[in-house]
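On a predicted model such as this, the values are computed, not experimentally measured, just so you know.
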Amino acid sequence: MTAVARVLVVGSSGFIGTAVCSSLEARGHEAIRLETPRVNAATLRPKSELSMAILRDHLDHCSALVNAAGVPDATGTNKAEMLAANGILPGLLAAECSQRGVRFVHVSSAAVQGRRHTLDSTPEMAPFSPYSESKARGESESLQYATTVVYRPPGVHGVDRGATRAIARLARSRFSSVAGSGSAASAQALIGNVGDAIAFLAICEEGPPPIVAHPSEGVTTGGLLVDLGDRHPLKIPSVIARSLVTVAFILARVRPSVHGHARRLEMLWFGQRQNKSWLTDAGWVARSQRDAWRVLGRILADDIHRKDQQ
């Protein structure tokens, strides 16, 4: 990459896209913000050729494109909408980048590997819900092109994240609980670290491999709840917790909308391990360390208390 890179960010106004732009600029590079080209859910083609023409014009002057766009609802059930935004759009963007020799960094999700014991950077996927299936399709579509780098973040957290706020409320309640001792590794990441990891992938001199998983941030199932709730969770015997999770997934076979919630419960109680990441080997270091989780918990506590008083 050049000394000062120009990186086109699609989905720049979203939760992750905003963090990517901030990290690029903090590193001294230029973030070109672009509204997401929309894909027709029926035809699976761009809704506007003008939006694609604008994208192509920007690409001619950029060294990388980051795709942070998509439908982020892990518990959603609109398959057509998710397929268009999470599955088809990445392939269209990857094709445009390939034609111009521009690095394409596609933000996928660790959810594509489903319930496997350890997350890694292999092509192996086991999607289990409409959301994870659409993200898996996005990887398959974009990895057809050699200039693509797929990045897989785990659960991403921040002040403005609905899922984070829900966990914080739970963590502060008497229903806060973990399976066993609460020492199991939990695949979670702070939004600032995710944004900076993506920025690093877009601008690093050394070409990243086709798939890069986010490294562990040292979070445990019990530690997450303590950090966000400032109280120790109830410890449920693992055999009982596993039985309840099994029942939730059985119910999900009848009601697919339950899939995402069942998986969140499983992650909350049992966590998920992460293999070593290329990012660590390449010298990337998370800017926010373990104490930042406790800071996030305090901020959320103050905000939740203020809203409860209104």
Under 3.5 Å, side-chain donor or acceptor atoms of residues 209-216 against the rest of the protein: list the pairs with distances, not counting sequence neighbours.
unit_1: H214; atom_1: ND1; unit_2: Y151; atom_2: OH; d: 2.8
unit_1: H214; atom_1: NE2; unit_2: E217; atom_2: OE2; d: 2.9
unit_1: S216; atom_1: OG; unit_2: G218; atom_2: N; d: 3.1

Using side-chain heavy atoms (C-beta onward) and a distance below 4.5 Å, is D60 in contact with V102? no

Are L265 and F249 joined in one hydrophobic group, where the rule is that I, L, V, M, F, W and Y side chains link up if heavy atoms are under 4.5 Å apart? yes

Evaluation steps, side chain to side chain contact (heavy atoms under 4.5 Å, CB included), between E139 and R152: CA-CA 10 Å; E139 287 197 13; R152 291 176 182 162; 2.9 Å; yes

What's the shortest heavy-atom distance between I54 and L34, and which atoms? CG2-CD1, 3.9 Å

Would you kindly confirm whether L8 and L93 end up in one hydrophobic cluster when ILVMFWY residues are joined by side chain heavy atoms under 4.5 Å apart? yes

Could you go through the side-chain hydrogen bond (donor to acceptor under 3.5 Å, both in side chains) check for S243 and T246 one step at a time? CA-CA 5 Å; S243 297; T246 299; 6.0 Å; no

Could you give me the CA-CA distance, side-chain angles and deciding distance for F270 and V245, then say whether side chain to side chain contact (heavy atoms under 4.5 Å, CB included) is met? CA-CA 10 Å; F270 291 96; V245 168; 4.1 Å; yes

Just do the side-chain hydrogen bond (donor to acceptor under 3.5 Å, both in side chains) check on D120 and Q113 with the steps written out, would you? CA-CA 8 Å; D120 58 28; Q113 293 198 303; 2.8 Å; yes

Could you tell me if the side chain of C21 sits less than 4.5 Å from the side chain of S12, heavy atoms only? yes

Apart from I250 itself, what residues make up its hydrophobic cluster when side-chain heavy atoms of I, L, V, M, F, W and Y under 4.5 Å apart count as a link, directly or indirectly? none

Are S177 and W269 close enough that some pair of their side-chain heavy atoms sits under 4.5 Å apart? yes

Residues at least two apart in sequence or cross-chain that pass side-chain contact (heavy atoms from CB on, under 4.5 Å) with A41, listed by chain then number, are A80, A84

W278: ring-ring contact (aromatic ring centres under 6.0 Å, His included) partners, not counting sequence neighbours: none

Any side-chain to backbone donor/acceptor pair from S23 onto V20? Under 3.5 Å, distance only. no

Under a 4.0 Å threshold between the charged nitrogen and the carboxylate oxygen, would R165 count as salt-bridged to D160? no

In this structure, which one of Q272, Q274, H157 forms a side-chain hydrogen bond (donor to acceptor under 3.5 Å, both in side chains) with Q188? H157

Counting only N and O atoms by type, is there a donor-acceptor contact under 3.5 Å from the side chain of R103 to the main-chain atoms of L201? yes

pair L24-R27: side-chain heavy atoms closer than 4.5 Å: no

The single option from S132, S140, S108 passing side-chain contact (heavy atoms from CB on, under 4.5 Å) against M125: S140

Between the side chains of E96 and R100, is the shortest nitrogen-to-carboxylate-oxygen separation below 4.0 Å, so that they form an ion pair? yes

Across all chains, not counting sequence neighbours, the side-chain contact (heavy atoms from CB on, under 4.5 Å) partners of S183 are S181

Give a yes or no on whether E25 atom CD has more than 12 heavy-atom contacts from other residues, nucleotides or ligands under 6.0 Å away. yes

What's the separation between atom CD in E35 and atom CZ in R38, rounded to the nearest 0.5 Å? 6.5 Å

Test log, rule side chain to side chain contact (heavy atoms under 4.5 Å, CB included), inputs R45 and N40: CA-CA 6 Å; R45 298 300 305 165; N40 188 303; 5.5 Å; no

Other residues, nucleotides, ligands: >12 heavy atoms within 6.0 Å of H61 NE2: yes

Donor-acceptor contact present, side-chain S98 to main-chain A94, <3.5 Å: no

Please check if the side chain of N193 supplies one atom and the backbone of R287 the other of a donor-acceptor pair under 3.5 Å. yes

Find out whether V149 and F104 are in side-chain contact, i.e. whether some heavy atom of one side chain is under 4.5 Å from a heavy atom of the other. no

Determine yes or no for a side-chain-to-main-chain donor-acceptor pair under 3.5 angstrom, with S176 supplying the side chain and R172 the backbone. no

Between E49 and P46 (side chain of the first, backbone of the second, donor and acceptor by atom type, cut-off under 3.5 Å), is there such a pair? no

Return the CG to CG distance between L190 and L296, rounded to the nearest 0.5 Å. 6.5 Å

For the pair D227 and R290, evaluate salt bridge (charged side-chain N to carboxylate O under 4.0 Å, His left out) and give the outcome as yes or no after the intermediate values. CA-CA 9 Å; D227 287 344; R290 285 292 300 128; 2.6 Å; yes

So, using ring-ring contact (aromatic ring centres under 6.0 Å, His included) as the criterion, who are the partners of H259 when residues are at least two apart? none

Please determine whether a side-chain nitrogen of the Lys or Arg among E141 and R137 lies less than 4.0 Å from a carboxylate oxygen of the Asp or Glu. yes

Quick one: are L65 and L59 in side-chain contact, heavy atoms under 4.5 Å? yes

Does A163 offer a backbone N or O that forms a donor-acceptor pair with the side chain of R161 under 3.5 Å? no

Is it true that a side-chain atom of S134 and a backbone atom of L83 form a donor plus acceptor pair closer than 3.5 Å? no

Sub-4.5 Å side-chain heavy-atom contact between L224 and L228: yes

Contact between I203 and V7 at the side-chain level, heavy atoms closer than 4.5 Å - yes or no? yes

With no hydrogens and no angle check, is any side-chain donor or acceptor of H29 less than 3.5 Å from a backbone partner on A5? yes

Show, in sequence, the C-alpha distance, side-chain angles and deciding distance for N67 and V105, and conclude whether the side chain to side chain contact (heavy atoms under 4.5 Å, CB included) test is met. CA-CA 6 Å; N67 176 36; V105 181; over 6 Å; no

Salt-bridged, D281 to K276, with N to O below 4.0 Å? yes

